[in-house]
Amino acid sequence: MIYLAHTAHWQFLGLVFGFLAWLFIMTTAGINEWRLWYVDDVSIITSGVAWVGIWRACFHSHVLPDTENCQSISISDSYVPPEIPLAQVLMMLAVITGLLGNISAAVAMRMAYFSVKDRRKMRLSFILTGALYLVTAVLSLVPLVWNMTSVLNNSTIDFPPEFNLPVAPVQQSVGPAIGVGIFASILMLISGGIFFCYRHSLQSLEQTTDPLDRPWTVTRLPKKSELPNRDCQGMNNQGFDSEEKL
């Protein structure tokens with residue numbers, strides 16, 4: 001049996017980072033605050049700001065029947081710039097690969113903490129986990145950076161009239177979703193690097209053998225009858241002998 005539990009503590013931390021990063025990526029893909037559009041006409045958008053995500057565009061209004069008004073953005077819409085449909089696809093792929101990476105990381109940690117006999121499978125699981133984490137980070141970073149660049153360049157979106165949004169905002173800024181997504185991607189990169197750095201599965205078996213897994217030896221104490229005669233005889237107590245004489 002191979003004893004490797006003490007060699008994978010950093011990889012356990014990488015599993016925690018990867019799981020948190022995966023949750024953040026899912027949050028980034030779901031929320032609308034990718035772009036913040038500031039408008040000067042507050043007759044309909046009474047809050048003066050609209051949130052443009054990769055799935056919906058929303059704003060608050062006290063004029064329309066609903067306080068929060070949202071319109072869906074489809075991947076087949078012709079008016080959206082290419083970075084938004086790309087983000088829809090890549091973020092979903094990042095969620096899937098991140099889930100697979102977490103499953104592979106859990107399997108790798110189980111092999112390390114509960115010992116395995118086949119080291120080739122263990123090495124493959126650690127490498128596969130690192131690769132999946134790195135792929136997840138790249139898949140999420142590409143749309144995040146592209147959309148952030150579009151915001152910084154003040155790119156416009158020609159929304160249809162039913163969106164009640166202007167063609168070009170007065171000002172736009174990067175939303176918190178992009179910040180959370182970039183943080184999650186960096187955390188995912190760190191997790192992938194930690195799993196790639198695991199090298200104990202390549203060492204010799206003698207260096208990581210469980211000391212409790214060695215052959216047992218039985219030590220038998222000698223019986224009284226097997227002891228030498230000189231060991232069975234004690235020293236005479238002179239005081240006791242003198243009392244008997246009296």
Student check: side-chain heavy atoms of [X] and [Y] closer than 4.5 Å:
X	Y	result
Phe159	Val167	no
Met188	Leu141	no
Met111	Ser125	yes
Asn164	Asn69	no
Val49	Ile45	no
Ile194	Tyr133	no
Phe196	Ile127	yes

What's the shortest heavy-atom distance between [X] and [Y], and which atoms?
X	Y	answer
Ala106	Leu15	N-CD1, 4.3 Å
Asn32	Cys58	ND2-SG, 3.6 Å
Ala87	Asn147	CB-ND2, 3.9 Å
Gln172	Ser155	NE2-O, 2.8 Å
Val151	Ser173	CG1-C, 3.4 Å
Gly175	Leu36	CA-CG, 4.1 Å

Return the [atom1] to [atom2] distance between [X] and [Y], rounded to the nearest 0.5 Å.
X	Y	atom1	atom2	value
Leu23	Thr28	CG	OG1	10.5 Å
Ile73	Ile157	CD1	CD1	6.5 Å
Ile44	His60	CD1	NE2	15.5 Å
Leu165	Phe59	CG	CZ	6.0 Å
Met91	Ile54	CE	CD1	6.0 Å
Ser191	Trp10	OG	CH2	12.0 Å

Exercise. Can you list every pair that meets salt bridge (charged side-chain N to carboxylate O under 4.0 Å, His left out) and has a residue in residues 34-46, with sequence neighbours left out?
Worked result: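 Qualifying pairs: Arg35-Glu83.
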
ILVMFWY network linking [X] to [Y], side-chain heavy atoms under 4.5 angstrom:
X	Y	answer
Val52	Tyr79	yes
Phe24	Leu144	yes
Trp55	Trp34	yes
Ile75	Val142	yes
Trp51	Ile84	no

Between [X] and [Y] (side chain of the first, backbone of the second, donor and acceptor by atom type, cut-off under 3.5 Å), is there such a pair?
X	Y	result
Ser104	Leu100	no
Gln11	Met109	no
Thr156	Ala168	no
Trp22	Val95	yes

Exercise. When the ring planes of Phe195 and Phe126 are compared, do they come out parallel, tilted or perpendicular, using 30° and 60° as the limits?
Worked result: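 Phe195 vs Phe126 ring planes: tilted.
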
